[in-house]
Protein chains: 2
Amino acid sequence: GFLKEVIFFPTELACVEHVFEPTLQCLCPLPHGLETSLARLLRHVLSAKSTMDICVFAFSNMDLSRAVLALHSRGLVIRILIDKDYGGISGSQIGPLRRAGIRVRYDSGAVHMHHKFALVDGRRLVTGSLNWTLQAVQKNKENVMVTEEPRLVTPFVNEFQRLWDANDPE
Amino acid sequence: GFLKEVIFFPTELACVEHVFEPTLQCLCPLPHGLETSLARLLRHVLSAKSTMDICVFAFSNMDLSRAVLALHSRGLVIRILIDKDYGGISGSQIGPLRRAGIRVRYDSGAVHMHHKFALVDGRRLVTGSLNWTLQAVQKNKENVMVTEEPRLVTPFVNEFQRLWDANDPE
Ligand SMILES: [Zn+2]
Ligand SMILES: [Zn+2]
């Protein structure tokens, strides 16, 4: 059947350097070599081959930002949709991501754009309760579901495109 | 295949009385007879036959509270797990639900218990970005996924039981 996976948070406290640089021997003081919840989430993001569409209320997590920047430097087409009130707050990664050249739009059509989903190559859905923040990953009880089941993925693909088009600034 | 459904919010503004009382002719000024996002969510809650386990950060929505109270009055076994900081805030439905005799536990093991899921009869999972509040239902862009796929449901069943046991006040 299609890929189906559930990941619970908070993540275990451990280094995720090996997800980015498998051959590097990291010297930081955190535990190494663990496939933590965060490591699993990062691997799904880094698995993208062509496109990554991200629709999240909040995006301040530096590990997730590093993963998206890595995709961007590989030449993938990345689109980020973020809540209008969130994009500019302290610690937001939206500024650095925009300055790197990634396309970002701000949702202004609702009190809050409260989604927390991403679409990897338009066919792997990553969704749940988890905002892309440090607190959510390290401190909160959260869930992320990963699925390639078309009957779950397709509605999110359509919703992303609808919101992206609705928030075209031009 | 197994039931799979995605519901997006905000809901359309319409009366949901028909979900609770199909034979009643409601006289309120809202539009009637629409299967809105909220109506569909309420039908999933009301479909429970034996148990309902709810694990949500916030619960202030009166329609969802009415649905849970209806299940309780039918004799179903209901358990509610709520964030420790949320249970007592203004507008919370936790007080009325507790006073009706429904079992409630407060999660105190994390900065926030940020889940937003429910398990209908231990086999239908209702999860997503939607807190069970009025604002989330009526104002925010949100998603709810409903599935009976065991590989997605079982991890949530286990996580609910783990959190329920961990927050036993006795
Ligand atoms: Zn390290
Ligand atoms: Zn009415």
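By convention in this document, chain letters (A, B, ...) are assigned in the order of the sequence lines, proteins followed by strands, and residues within each chain are numbered from 1.
- For A:E5, the part lying near chain B is the backbone, with the side chain staying farther off; criterion is any non-hydrogen pair under 4.5 Å.
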Please walk me through it: do B:E35 and B:H18 pass side chain to side chain donor-acceptor pair (under 3.5 Å)?
-> CA-CA 10 Å; B:E35 279 301 294; B:H18 64 293; 3.1 Å; yes
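- If you measure heavy-atom distances from A:P155 to chain B, the contacts under 4.5 Å come from both the backbone and the side chain.
- A:V144 is not listed as a side-chain neighbour of A:V6, based on a closest heavy-atom distance of 4.5 Å or more.
- The pair A:D53-A:R79 meets the salt-bridge criterion, since a charged nitrogen lies less than 4.0 angstrom from a carboxylate oxygen.
- For chain A, the option among B:E149, B:R151, B:E142 with the highest count of heavy-atom pairs below 4.5 Å is B:E142.
- Taking the six-membered ring for Trp and the full ring otherwise, the centers of A:H115 and A:F57 sit at least 6.0 Å from each other.
- Options B:K4, B:M113, B:K139 differ in how many heavy-atom pairs under 4.5 Å they form with chain A, and the most are formed by B:K4.
- Checked against the 6.0 Å centroid threshold, B:F8 and A:F156 count as a close aromatic pair.
- Contacts between A:L125 and chain B at a heavy-atom distance below 4.5 Å involve the side chain alone, from C-beta outward.
- The greatest number of non-hydrogen atom pairs below 4.5 Å with chain A, out of B:K141, B:K116, B:Q138, B:H112, is found for B:K141.
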